[in-house]
Amino acid sequence: MASQPPSDSEPQSFTTMSVGDVEAIGAHCQMAFCHQLDFLPFRCESCKGKFCLDHRSETAHSCPQAGAWARRLREASSTPSSDSTTPTQKPNILTHEQQCSSPSCKTLIDTPLVPGIHCTNCNRRYCLKHRLREDHECDKLMPLGARPGPSQKERGLAALEKLRAWGAGKKAAATGAGAAAKAKASASSSASRNSNSPAARAAALNNIKRTAKGDSKVPAEKRVYVHVEASADTTTAKFPTGNFFYSAEWSVGRVLDIAAKALQVENVNNRGGGEEERLRVFHVEGGRLLDFSEKLGAAVQTGNTIVLLRGVGPPVPDLIEA
């Protein structure tokens, strides 16, 4: 029994396609005696015809306008356009040799990854690691573009002159302004002989210990008793002198801060600024300026004298002999 075609009312898993629908997809090859239906035909840019895979080249389909596409391409590339009048600029690549100004650092700065930090005090640029003044020892550097300051020897001589002025003022106050030169010399000689005697030194030491002021929490075995004076241009106190005791373990910088407060001396060391405003500690018996980081007990002994001077520069060894 012959099978009956399915009726239109029954559901189907396929769609019947007519011949007209098939020919609407793709195109026939325009090559004579071919006319193959190609769903993805090739278009010739010279004659604008549509061909199959086998006849896609100009030679294969004997193109009547062979080479037209190549000529148009050459003419388009040789004719300068309005966009090509401006020469192509090379990319701006950053090349430099700017390193961190710290001598021990070789880091390149002012790059996209490592910015440079400008120090307004020394007028130099540093990496992030050395950006702080303490990290690149800014207080020891001369600012770029600034006039050269006094040399180390000149600073030493300036400190010596300040010390001589302090000594001259002290001697004048002790001898009196109206005394004769011979009386001054005799009194100075007699005072010198008396002060060098063991009894005079012991009496002076006992006087310092008896009148000295200080922190009562400092153990007696660690106390250093000193006579402290300040030059007249540094203090507003009526009597810029006194006897004090400090711990031998304290740094000279800490002793300076405490002594300046006790003698009413303006202290701007912790505010920055130049050496012309800084206070320094001069050890009379040692004949030199003490460094802030030194331990007091390593440089000064009980009974010694220290003087607060301003604007004398950093410590110079053997200042009296300079």
Side-chain angles (χ1 to χ4, degrees), residues 1-133 135-136 138 141 143-145:
M1 181 176 179
S3 60
Q4 299 292 331
S7 62
D8 296 339
S9 61
E10 297 179 359
Q12 301 296 330
S13 62
F14 60 90
T15 302
T16 304
M17 181 178 293
S18 63
V19 177
D21 294 335
V22 175
E23 292 180 351
I25 301 174
H28 290 274
C29 177
Q30 295 181 1
M31 181 64 183
F33 310 108
C34 180
H35 298 290
Q36 177 184 350
L37 178 62
D38 197 329
F39 294 125
L40 295 174
F42 293 87
R43 180 172 181 265
C44 178
E45 295 297 333
S46 295
C47 64
K48 307 302 180 181
K50 295 180 180 179
F51 300 93
C52 64
L53 177 65
D54 295 335
H55 302 106
R56 68 185 187 277
S57 65
E58 295 180 354
T59 304
H61 67 264
S62 302
C63 182
Q65 299 181 12
W69 171 78
R71 286 192 296 271
R72 290 197 302 269
L73 185 63
R74 286 195 300 269
E75 291 175 359
S77 60
S78 61
T79 303
S81 61
S82 58
D83 297 336
S84 61
T85 54
T86 304
T88 304
Q89 296 181 354
K90 295 183 178 180
N92 186 14
I93 302 177
L94 181 63
T95 57
H96 61 78
E97 297 180 357
Q98 178 67 30
Q99 292 182 350
C100 175
S101 297
S102 180
S104 60
C105 184
K106 298 183 181 299
T107 303
L108 285 176
I109 58 175
D110 293 326
T111 65
L113 296 179
V114 183
I117 307 299
H118 181 75
C119 178
T120 57
N121 191 53
C122 65
N123 201 23
R124 291 173 172 84
R125 297 186 67 80
Y126 297 91
C127 64
L128 295 176
K129 182 179 179 181
H130 299 101
R131 67 186 185 278
L132 300 179
R133 295 183 180 182
D135 295 333
H136 62 262
C138 189
L141 299 176
L144 292 179

Can you list the steps and then say if Cys44 with Glu58 is a side-chain contact (heavy atoms from CB on, under 4.5 Å)?
CA-CA 7 Å; Cys44 178; Glu58 295 180 354; 4.2 Å; yes

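Within the model, atoms CZ of Arg72 and CD of Glu75 stand 9.0 Å from one another, a figure rounded to the nearest 0.5 Å. In this structure, CZ on Arg125 lies 11.0 Å from SG on Cys119, to the nearest 0.5 angstrom.
Not counting sequence neighbours, the partners of Lys48 by the salt bridge (charged side-chain N to carboxylate O under 4.0 Å, His left out) test are Glu45.
Across Tyr126 and Arg124, no two heavy atoms sit closer than the pair OH-CD, 3.4 Å. When all heavy atoms are compared, the tightest approach of Cys47 to Gln65 is CA-OE1, 4.2 Å. Scanning both residues, Gly49 and Gln30, for their nearest heavy atoms gives CA-OE1, 3.4 Å. Between Ala68 and Ser46, the shortest heavy-atom contact is N-OG, 3.8 Å. Closest heavy-atom contact between Pro41 and Lys50: CB-CB, 4.4 Å. A pairwise comparison of heavy atoms in Asn121 and Pro143 identifies O-CG, 3.3 Å as the closest pair.
By the 4.5 Å heavy-atom criterion applied to side chains, His136 and Cys122 are counted as neighbours. Inter-residue side-chain proximity for Ile117 and Leu128 is flagged as met; some heavy-atom pair is nearer than 4.5 Å. Looking at heavy atoms from C-beta onward, Lys129 lies out of side-chain contact with Asp135 at the 4.5 angstrom threshold. Between Arg133 and Leu141, every side-chain heavy-atom pair lies at or beyond the 4.5 Å cut-off.
Of the candidates Asp110, Thr111, Thr107, Leu108, Asp110 is the only one forming a side-chain contact (heavy atoms from CB on, under 4.5 Å) with Gln98.
Side-chain atoms of His61 come within 3.5 Å of backbone atoms of His55 as a donor-acceptor pair (strictly under, hydrogens ignored).
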